[in-house]
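Take a look at the structure set out below.
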Protein chains: 2
Amino acid sequence: MEEQLKKILLVEDDPNFGIVLKDYLTMNDYEVTHAKNGMEGFEKFKKNDFDLCILDVMMPYKDGFTLAKEIREKNADVPIIFLTAKAMKEDVLKGYKVGADDYLNKPFDSEVLLMKMKAIIQRKATETVADSNEFMFTIGDFELNSKLRFLSYKGQEPEKLSPKENQLLRLLALHVNDLMPRELALTKIWRDDNYFTSRSMDVYIAKLRKYLKLDDKVEILNIHGEGFRLVINE
Amino acid sequence: MEEQLKKILLVEDDPNFGIVLKDYLTMNDYEVTHAKNGMEGFEKFKKNDFDLCILDVMMPYKDGFTLAKEIREKNADVPIIFLTAKAMKEDVLKGYKVGADDYLNKPFDSEVLLMKMKAIIQRKATETVADSNEFMFTIGDFELNSKLRFLSYKGQEPEKLSPKENQLLRLLALHVNDLMPRELALTKIWRDDNYFTSRSMDVYIAKLRKYLKLDDKVEILNIHGEGFRLVINE
DNA sequence: ATATTTGTTAACGTTAGGTTAAACTACACA
DNA sequence: TGTGTAGTTTAACCTAACGTTAACAAATAT
């Protein structure tokens, strides 16, 4: 197995700093894609599978948080590191809410960044079981394309799923016939585990059940106090 | 389901700061053990299962890094957060080398600490989903799946078990044909051994007997004053 | 004989989950 | 500057699931 370079999406509007940082990371064996603003960042994100995103917070058009949220809608797992000029408490908290993996204040030491990147990528590698790149699922007579967020039933017009519907169904599908712990969905999709996110999840379960009613071999069962189970009866 | 408080080991030599931080964390629903130096910290670490360690870097006797290394030797997984007076680059790198999960410079904002703690503990929780295979039991003609809380008999529709039923049957199964002491079940499942929990357990034994009636090779016997015995007659 | 332990059923209070609808939120368009 | 629209959260109401306790019967020990 040959060593695969890790792919980094770097979104940084300051051209000088961006280029310097890109070169530095490239020298250190990362494959860097550089975007100059949030818009461009999102376009490039959609076209590629990245192992890590480094986002500047302060950017014209689309700031780092907004971009992060969009990225999260497409991919709940990819690690994100924020770069920010000064550490404002609100910023830090906001960052963690959208699922930041780390936070660096400019100016920062480049070696520290490298170290953090390494730690985070490794962490994700052990965490990610089979899930990351899989996006086609067969669920009874349904087909889920979680990249396009389509749920299609036999010949019928595919149902368009919202980001949350899609992520939840995908997570259930990854655990077919097995328990999908409530806590797992809440931490992976909602990034917070409290009464309200939990109720929100229940609402989405109801929505998914409605979609899946078409095929009565397929059902989502609850295991009281534990989580849900997507079962396919043969 | 009862809420289990997360256990924190806080090692901080400054008595004032240590107590303030301990109180703050306690108020926020953590169970905090406070050690005043590295030595004491390691002793306490060995005696308990902690969900997270917060270590001051600068301490007499044994600094935070040395302590972290010792902790890592015993437990490669427990998350560690370092507290340090000023961000010296070498320190940060050293911290990441011993496997720090995060780093905070004093003075830091307490809300940020809380947020980081939450994020880190959740992260670890999802990592540890890869459970052991110790949840399938054969009991006569029954099959107990204690992960999905199913008790199935031959071709029949599986019986759904409540959490307590499941835990109790599992514990009995772990001691098949042998005594399962009353006290063991009470401390392991009910976490308290008194008249009422004991009566509650009797109620559950009755419920289990009802389920197990289907197979008359299987029975739960009482050993007066001692406990119960799940026997399988061949 | 009588005190203690266990068997069993039913009632009760609490919490988790199912479902629908209303209220936000962020953006898109005009 | 509103007006719509999709996505999501929050509220509300209801049912189901769970665990504890009480009450009484039966078994067992001393």
Side-chain angles (χ1 to χ4, degrees), chain A residues 38-39 42 61-63 65-74 76 94 97-98 149 151 159-169 172 179-183 185-186 189-213 219-229, chain B residues 1-4 148-151 159-169 172 179-183 185-186 189-213 219-229:
Chain A
M39 299 289 207
F42 190 53
Y61 281 120
K62 192 180 280 180
D63 70 290
F65 296 129
T66 312
L67 175 57
K69 247 190 281 184
E70 291 177 353
I71 286 176
R72 279 274 168 265
E73 284 181 10
K74 297 221 73 92
K94 203 168 165 189
K97 276 220 179 83
V98 297
R149 305 207 313 256
L151 178 65
E159 188 75 43
K160 293 178 65 210
L161 300 183
S162 82
K164 285 259 150 71
E165 289 168 350
N166 176 54
Q167 290 179 36
L168 185 56
L169 185 53
L172 284 164
L179 170 68
M180 193 233 16
R182 217 185 172 79
E183 201 207 341
L186 292 176
I189 301 177
W190 275 265
R191 307 210 159 249
D192 192 12
D193 179 349
N194 62 46
Y195 172 77
F196 290 108
T197 53
S198 196
R199 288 330 316 273
S200 191
M201 171 174 168
D202 290 332
V203 172
Y204 278 94
I205 290 287
K207 292 182 187 193
L208 292 181
R209 281 183 174 138
K210 215 170 262 175
Y211 295 142
L212 297 175
K213 257 209 302 266
E219 46 185 343
I220 298 176
L221 301 181
N222 174 253
I223 300 178
H224 199 94
E226 297 286 337
F228 292 93
R229 205 161 79 92
Chain B
M1 185 88 80
E2 69 197 55
E3 195 66 40
Q4 192 59 36
L148 300 179
R149 302 209 313 251
F150 273 179
L151 179 65
E159 188 72 45
K160 286 196 259 177
L161 301 183
S162 86
K164 284 260 149 72
E165 290 167 352
N166 177 54
Q167 287 178 282
L168 185 56
L169 184 53
L172 284 163
L179 171 68
M180 189 225 32
R182 206 182 184 85
E183 198 209 337
L186 291 176
I189 301 177
W190 275 265
R191 301 229 172 114
D192 190 14
D193 179 350
N194 62 47
Y195 172 76
F196 291 109
T197 53
S198 195
R199 289 330 319 278
S200 193
M201 171 174 167
D202 290 330
V203 171
Y204 278 95
I205 290 287
K207 293 182 186 187
L208 291 181
R209 282 183 174 136
K210 212 173 264 175
Y211 296 142
L212 297 175
K213 259 209 300 269
E219 46 185 342
I220 298 177
L221 301 181
N222 173 252
I223 299 175
H224 199 89
E226 299 286 337
F228 294 91
R229 207 159 78 90

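Below, read A as the first sequence line, B as the second, and so on, with proteins coming before strands; counting in each chain starts at 1.
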Earlier contact from the 5' end, DNA chain D, for B:Leu161 and A:Arg149:
A:Arg149

In whole angstroms, how far is the [atom2] atom of [N] from the [atom1] atom of [X]?
X	N	atom1	atom2	answer
A:Asn194	C:dA16	CG	C1'	15 Å
A:Asp192	D:dT10	CG	P	10 Å
B:Arg209	D:dA26	CZ	P	16 Å
A:Glu70	D:dG7	CD	P	14 Å
A:Tyr204	C:dG18	OH	P	16 Å
B:Phe196	C:dG13	CZ	P	16 Å
B:Ile220	C:dT6	CD1	P	14 Å
B:Met201	C:dT5	CE	P	14 Å

Within a strict 4.5 Å, meaning less than it, do heavy atoms of the [X] and [Y] side chains meet?
X	Y	result
A:Arg72	A:Arg191	yes
A:Arg209	A:Ile205	yes
A:Tyr204	A:Ile189	no
B:Pro163	B:Arg149	yes

Under 4.0 Å, counting only non-hydrogen atoms across every strand here, what does [X] touch: a base, just sugar-phosphate, or nothing?
X	result
A:Thr66	sugar-phosphate
B:Phe228	sugar-phosphate
B:Asp202	base

Check: A:Arg199 side chain, C:dG18 base, donor-acceptor under 3.5 Å
yes

Pair A:Arg182 + A:Asp202, salt bridge at N-O below 4.0 Å:
yes

With respect to the side chain of B:His224, which nucleotide from C:dT5, C:dG7, C:dT19 is positioned closest?
C:dT5

Could you check which of D:dT20, C:dG17, D:dG7 has an atom nearest any side-chain atom of A:Asn222?
C:dG17

Whether [X] contacts [N] is assessed here as follows: a side-chain N or O lying under 4.0 Å from the phosphate OP1 or OP2. Is that the case?
X	N	result
B:Lys210	C:dT9	yes
A:Lys207	C:dT20	no
B:Trp190	D:dG19	no
A:Arg182	C:dG17	yes
A:Ser162	D:dG7	no

Could you grab the distance from atom NZ of B:Lys207 to atom CG of B:Leu161, nearest 0.5 Å is fine?
11.0 Å

Start with the C-alpha distance between B:Phe150 and A:Ile223, add both sets of side-chain angles, then the distance that settles side chain to side chain contact (heavy atoms under 4.5 Å, CB included), and finish with yes or no.
CA-CA 10 Å; B:Phe150 273 179; A:Ile223 300 178; over 6 Å; no

As a quick check of understanding, evaluate side chain to side chain contact (heavy atoms under 4.5 Å, CB included) for A:Leu212 and A:Leu151, giving each step before the final call.
CA-CA 9 Å; A:Leu212 297 175; A:Leu151 178 65; 4.3 Å; yes

Using five pairs at each end of the helix from C:dA1-D:dT30 to C:dA30-D:dT1 to define an axis, what is the angle between those two axes, to 10°?
30°

